[in-house]
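One-based numbering, in listed order, for ligands and for the atoms of each. Computed from heavy atoms alone, side chains included, the values below leave out hydrogens, waters and symmetry copies. Bear in mind that the values here come from a model prediction, so they are computed numbers and not experimental data.
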Amino acid sequence: MSDEANPFESLQSQIDDAAAYLDIGDDVIERLKHPERVLETNLTIERDDGDLERFEAFRSQFNGDRGPYKGGIRYHPQVSRDEVKALSGWMTYKTAIVDIPLGGGKGGIVIDPDDYSEAELERLTRSFAKELRPLIGEDRDVPAPDVNTGQREMNWIKDTYETLENTTEPGVITGKALDSGGSEGRVEATGRSTVIAAREAFDYLDKDLEGATVAVQGYGNAGWTAAKLIDEMGATVVAASDSSGGIYNADGFDPVAAKEHKNETGSVVGFAGSEAELTNDDVLTLDVDLLIPAALENAIDADLAEAVEADVISEAANGPLTPAADEVLEGKDVFVVPDILANAGGVTVSYFEWVQNRQRFYWDEERVNEELEAIIVDAFDALVETYERHDLENPRTAAYVVAIQRVADAFEEAGSWP
Ligand code: GLU
């Protein structure tokens with residue numbers, strides 16, 4: 001992984017690339033390149049041994065022109081103010097490209113959660129929820145899971161908020177467990193949209209997904225779900241990796257068995273169905289039909305991009321390619337389905353969860369998946385229409401052209417408030 005690119009600068013350069021094709025004033029574009037506000041807070045909690053420890057935490061509310069700020073909360077040592085700002089911007093354009101009535105936000109705590117007990121994580125999460133309380137709400141800002149957070153953390157945040165507000169408001173947060181007001185299909189949603197988007201790209205390029213070879217970098221929730229679903233669609237998953245390394249089998253392996261191995265041992269490495277061990281970089285540069293980066297930002301820099309041999313990339317992670325890598329891949333005719341569309345299934349089903357919470361009426365999984373499918377296919381069609389109309393080289397630019405226009409329209413239609 002390279003740390004050469006600051007993700008916030010990457011976001012801004014992606015916006016600039018798209019702005020060249022848009023008839024929107026520089027003053028409006030300038031607004032759309034910066035968050036509306038960022039909360040920076042220090043959380044001090046008691047460790048199990050009685051000592052106190054301080055943690056830095058952030059929540060960036062990037063844009064609320066199209067609806068309540070929306071986006072996850074991650075727990076990771078790499079979290080920073082700029083990272084959270086970038087991720088909140090990507091959320092803004094993600095909710096816009098899939099055309100759901102939400103804005104963009106993101107939060108994070110600088111922590112390696114593996115080093116803390118469940119009780120410590122609960123105290124920390126509740127402490128963050130207390131700080132977030134004045135900012136969040138089902139009509140204000142609706143957090144969700146992200147890297148290293150899931151149903152457990154969302155349930156704690158919901159409970160803290162509802163207790164302090166003396167109300168029931170499950171729509172204040174999404175990605176909850178089913179019994180706490182979560183939605184069917186939410187856990188699989190990010191991986192599901194990643195493979196729907198890949199399938200659409202293969203169709204568009206007249207390539208056959210049946211028998212296509214696939215490499216998946218990152219075997220967390222999004223990565224492993226994408227591996228399982230693409231295998232069910234008839235593709236062959238030949239490689240996967242996590243932070244400990246990678247596995248490979250030219251004939252393919254069972255993604256579910258690889259996940260079971262990871263559950264038991266903590267990593268995909270050592271999986272019996274693998275015939276060779278690879279590094280993370282090896283997995284990213286394999287000669288496969290489809291590459292799914294499903295880990296963190298900046299996984300592929302310009303140097304690594306030179307070595308990428310995949311024909312199609314569907315970005316399950318947020319920001320896995322640096323702008324320089326994007327340019328290299330454009331020159332090599334690699335079709336990249338951008339993160340803001342490919343991984344938008346997560347926030348789309350979060351939107352369904354929020355709708356169900358507000359209506360206190362719950363859908364079955366079939367309905368969730370059908371509605372998700374329709375939204376991702378429509379977004380892909382909008383991308384392709386713009387990609388062809390402007391004769392663009394990079395599908396990411398097409399996605400931003402569509403998304404920025406939608407946000408700018410909402411901003412301009414609202415008029416100005418002195
Ligand atoms: N963290 C996910 C993302 O990056 C989901 C956000 C949400 O559901 O609000 O898209």
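Ring planes of Y387 and Y204: perpendicular class, angle over 60° (limits at 30 and 60°). Ring orientation note: the planes of F271 and F253 are nearly perpendicular, at an angle over 60° on the 30°/60° scale. Classification of the Y400-Y93 ring pair by plane angle, with boundaries at 30° and 60°, yields tilted.
Remark: K85 engages F8, P35, V38, S60, R81, D82 in a side chain to side chain contact (heavy atoms under 4.5 Å, CB included) (not counting sequence neighbours).
Sorted by chain then number, the residues whose non-hydrogen atoms approach ligand 1 to under 4.0 Å are K70, G71, G72, M91, K94, K106, A144, P145, D146, R186, N318, G346, V347, S350.
Residues T225 and L229 are in side-chain contact: their nearest non-hydrogen atoms beyond the backbone lie under 4.5 Å apart.
Taking a cutoff of 4.0 Å between a charged side-chain nitrogen and a carboxylate oxygen, D99 and R66 qualify as a salt bridge.
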